Amino acid sequence: MYKDMDIYGPPVDLSFRSLNQVSDTLAVKPRNRQRYTKTNSAGKYVSCSMILNNNNLKNLIGLQDILSHFLVQPLKLMWLDVSFNQLKNIDPFLSELFELRVLYLHGNAIERMTDVDSLRELQHLRTITLHGNDIESKKGYRRYVVSTLPQLKMLDFSAVTRDERVMADVWFHPKNQQKRANEI
C-alpha cells in the first residue's frame, strides 16, 4: 500500500482528447507527461490530480468511476481541472471529493450561482476558477462565491483579499438575505 506522500505524482492528463462523456476516457490513454508517472500493479496511477480540460464534456456523470479506474486513491484527489468544456452546472459529486484543494471550472457554461453552494462542504478547497461562465456576469458574483466558500484563498486566479471577505460577510449577513435572493 502507498503512503499518503506517495500520491503526489504528476497529474493524470486526459486533456485535448475530444471527449464527449467522462466514460470516453476509458478508451484513451493519459498523455505522457515529462515527469515519470508511477503506477501500481493494477495499472492505476499514483497521483492526486486529474486534468480533463479542453474536451466537450457536458456533464461529469461517471467521474467517480473514472477516478477509481485511473487513480490508486481516488478519494484523495486534490486537484481537478475540467476547464474549457461545456458544463452547465457544478456536479454534486464534486462535493464528495473532501480532499479537493484546487478546482478549475473556467471556460464552461455554468449558469446558476447557487451551484457553488454544493461545494460548501469542501473545507480544504483553496482555489477555484469560474470565470468564463455565465455566472460571472451576474451581479454580486464574486461576493457570492467568497461568502459561500470562505476558505478560499484564490478565485479566478486572483487572491481573495481581507476587504473582500469583510464585504462578503456583510453581504451574507442574515438581514441581507432577501436582497441577496433578489440579486441571484
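Since this is a predicted model, take the numbers as computed values, not measurements.
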Colleague: So Ile135 and Tyr144, do their side chains get closer than 4.5 Å, heavy atoms only?
Modeller: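 A side-chain contact under 4.5 Å is absent here.
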Colleague: So which heavy atom on Ala168 is nearest to which on Arg143, and how close?
Modeller: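 Nearest heavy atoms, Ala168 then Arg143: CB-O, 3.8 Å.
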Colleague: Are Ile128 and Val116 packed together at the side-chain level, in the sense that at least one heavy-atom pair is separated by less than 4.5 angstrom?
Modeller: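 Side chain of Ile128 against side chain of Val116, heavy atoms only: no contact under 4.5 Å found.
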Colleague: State plainly whether one hydrophobic cluster holds both Met50 and Val28, where clusters connect Ile, Leu, Val, Met, Phe, Trp and Tyr through side-chain heavy atoms under 4.5 angstrom apart.
Modeller: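 Same cluster: Met50 reaches Val28 through Ile, Leu, Val, Met, Phe, Trp or Tyr contacts under 4.5 Å.
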Colleague: Could you measure the distance from the CD atom of Gln151 to the CZ atom of Arg120? Nearest 0.5 Å is fine.
Modeller: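 Atom-to-atom, Gln151:CD and Arg120:CZ are 10.0 Å apart.
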Colleague: For His124, enumerate each residue passing the side chain to side chain donor-acceptor pair (under 3.5 Å) test, keeping only those at least two apart in sequence or located in another chain.
Modeller: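 Counting only residues at least two positions away or on another chain, His124 forms no side chain to side chain donor-acceptor pair (under 3.5 Å).
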Colleague: Going by the rule side chain to side chain contact (heavy atoms under 4.5 Å, CB included), which residues pair with Asn89 if we only count those two or more places apart in sequence or in a different chain?
Modeller: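 Asn89 satisfies side chain to side chain contact (heavy atoms under 4.5 Å, CB included) with Arg112, Asp115 once adjacent residues are dropped.
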Colleague: Could you tell me whether a side-chain N or O of Lys138 sits under 3.5 Å from a main-chain N or O of Glu111, the two making a donor and an acceptor?
Modeller: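 A pair under 3.5 Å: yes.
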Colleague: Not counting sequence neighbours, which residues clear side chain to side chain donor-acceptor pair (under 3.5 Å) with Arg165? List them please.
Modeller: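 Testing Arg165 for side chain to side chain donor-acceptor pair (under 3.5 Å), a comparison that skips the adjacent residues, returns none.
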Colleague: Applying side chain to side chain contact (heavy atoms under 4.5 Å, CB included), can you list everything that pairs with Thr161, at least two apart in sequence or on another chain?
Modeller: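 Applying side chain to side chain contact (heavy atoms under 4.5 Å, CB included) to Thr161 gives Asp163, Glu164.
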Colleague: What's the shortest heavy-atom distance between Val22 and Leu60, and which atoms?
Modeller: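 Closest pair (atom of Val22, atom of Leu60, distance): CG2-CA, 3.7 Å.
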Colleague: If you measure from OG1 on Thr129 to CG on Leu103, what distance do you get to the nearest 0.5 Å?
Modeller: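 Answer for the OG1-CG pair, Thr129 versus Leu103, is 7.0 Å.
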Colleague: How many angstroms lie between OG in Ser15 and CG in Leu52, if you round to the nearest 0.5 Å?
Modeller: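 If we round to the nearest 0.5 Å, Ser15:OG and Leu52:CG are 8.5 Å apart.
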Colleague: Looking at Ser47 and Pro10, what are the two nearest heavy atoms and their distance?
Modeller: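 Looks like OG-O, 2.8 Å.
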Colleague: Would the distance check show the side chain of Ser83 and the main-chain N or O of Leu105 forming a donor-acceptor pair, the cut-off being under 3.5 Å?
Modeller: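 Checking the backbone N and O of Leu105 against the side chain of Ser83, no donor-acceptor pair under 3.5 Å is found.
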Colleague: Roughly how far, to the nearest 0.5 Å, is the SG atom of Cys48 from the CG atom of Leu80?
Modeller: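 If I round to the nearest 0.5 Å, the distance is 11.5 Å.
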Colleague: Verify, without hydrogens or angle tests, whether Gln86 (side chain) and Asn20 (backbone) share a donor-acceptor contact under 3.5 angstrom.
Modeller: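 Answer holds: no.
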Colleague: Is there a side chain to side chain contact (heavy atoms under 4.5 Å, CB included) between Leu122 and Leu149? Walk through the geometry before answering.
Modeller: CA-CA 8 Å; Leu122 301 178; Leu149 306 172; over 6 Å; no
Colleague: Could you pull out all residues at least two apart from Asp156 that satisfy side chain to side chain donor-acceptor pair (under 3.5 Å)?
Modeller: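 Listed in chain order: His131, Tyr141.
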Colleague: Donor-acceptor pair, Asn55 side chain versus Asn85 backbone, under 3.5 Å?
Modeller: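 Side chain of Asn55 to backbone of Asn85: no pair is present.
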Colleague: Output yes when a side-chain donor or acceptor of Ser137 lies under 3.5 Å from a complementary backbone atom of Asp134, and no otherwise.
Modeller: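 Checked: pair present.
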Colleague: Can you tell me how far the CZ atom of Arg31 sits from the CG atom of Leu14, to the nearest 0.5 Å?
Modeller: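 Result: 9.0 Å between the selected atoms.
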Colleague: Report yes if the side chains of Leu130 and Ile90 come closer than 4.5 Å at any heavy-atom pair, otherwise no.
Modeller: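 The answer is yes; the side chains approach within 4.5 Å.
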Colleague: Can you tell me which residue pairs pass the salt bridge (Lys or Arg N to Asp or Glu O under 4.0 Å) test with a partner in residues 15-30, sequence neighbours excluded?
Modeller: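 Listed by first then second residue: nothing to list.
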Colleague: Test of understanding: with side chain to side chain contact (heavy atoms under 4.5 Å, CB included), list the residues that count as partners of Asp65, not counting sequence neighbours.
Modeller: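 Once residues adjacent in sequence are excluded, Asp65 has no partner under the side chain to side chain contact (heavy atoms under 4.5 Å, CB included) criterion.
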Colleague: Just grab all the ring-ring contact (aromatic ring centres under 6.0 Å, His included) pairs involving residues 77-104, residues at least two apart or on different chains.
Modeller: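 For residues 77-104: Trp79-Tyr104, Phe84-His106, Tyr104-His106, Tyr104-Phe157.
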Colleague: Is a side-chain N or O of Asn133 found less than 3.5 angstrom from the main chain of Ala109, in a donor-acceptor match?
Modeller: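 Flag set: sc Asn133 to bb Ala109 pair under 3.5 Å.
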Colleague: Show every salt bridge (Lys or Arg N to Asp or Glu O under 4.0 Å) that has at least one partner inside residues 78-98, sequence neighbours left out.
Modeller: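 Applying salt bridge (Lys or Arg N to Asp or Glu O under 4.0 Å) to every pair that reaches into residues 78-98, excluding sequence neighbours, yields nothing.
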Colleague: Mind checking what makes side chain to side chain donor-acceptor pair (under 3.5 Å) contact with Arg126, not counting sequence neighbours?
Modeller: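 Expected list: none.
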Colleague: For Ser49 and Gly9, which heavy atoms make the closest approach, and how far apart are they?
Modeller: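 Distance-wise, the nearest heavy atoms are OG-O, 4.3 Å.
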Colleague: Who pairs with Glu99 by salt bridge (charged side-chain N to carboxylate O under 4.0 Å, His left out), at least two apart in sequence or on another chain?
Modeller: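 With sequence neighbours excluded, Glu99 shows a salt bridge (charged side-chain N to carboxylate O under 4.0 Å, His left out) to Arg101, given in chain and number order.
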Colleague: Do Gln73 and Leu71 have side-chain heavy atoms sitting under 4.5 Å apart?
Modeller: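 No, their side chains stay 4.5 Å or more apart.
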Colleague: Taking Ile61's backbone N and O only, do any of them form a donor-acceptor pair with Gln64's side chain (distance below 3.5 Å, no angle check)?
Modeller: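 Answer holds: no.
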Colleague: Just jot down the side chain to side chain contact (heavy atoms under 4.5 Å, CB included) partners of Met154, sequence neighbours excluded, or say none.
Modeller: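 Listed in chain order: Thr127, Ala159.
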Colleague: Output the distance between atom CD1 (Ile66) and atom CG (Leu26), rounded to the nearest 0.5 Å.
Modeller: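 Separation between the atoms: 4.0 Å.
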Colleague: What are the two closest heavy atoms between Ile51 and Asn53, and how far apart are they?
Modeller: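 Result for this residue pair: CG2-OD1, 3.3 Å.
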Colleague: Looking at Thr148 and Val145, would you say the former's side chain and the latter's main chain have a donor-acceptor pair under 3.5 Å?
Modeller: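 Side chain of Thr148 to backbone of Val145, a donor-acceptor pair under 3.5 Å: no, none is there.
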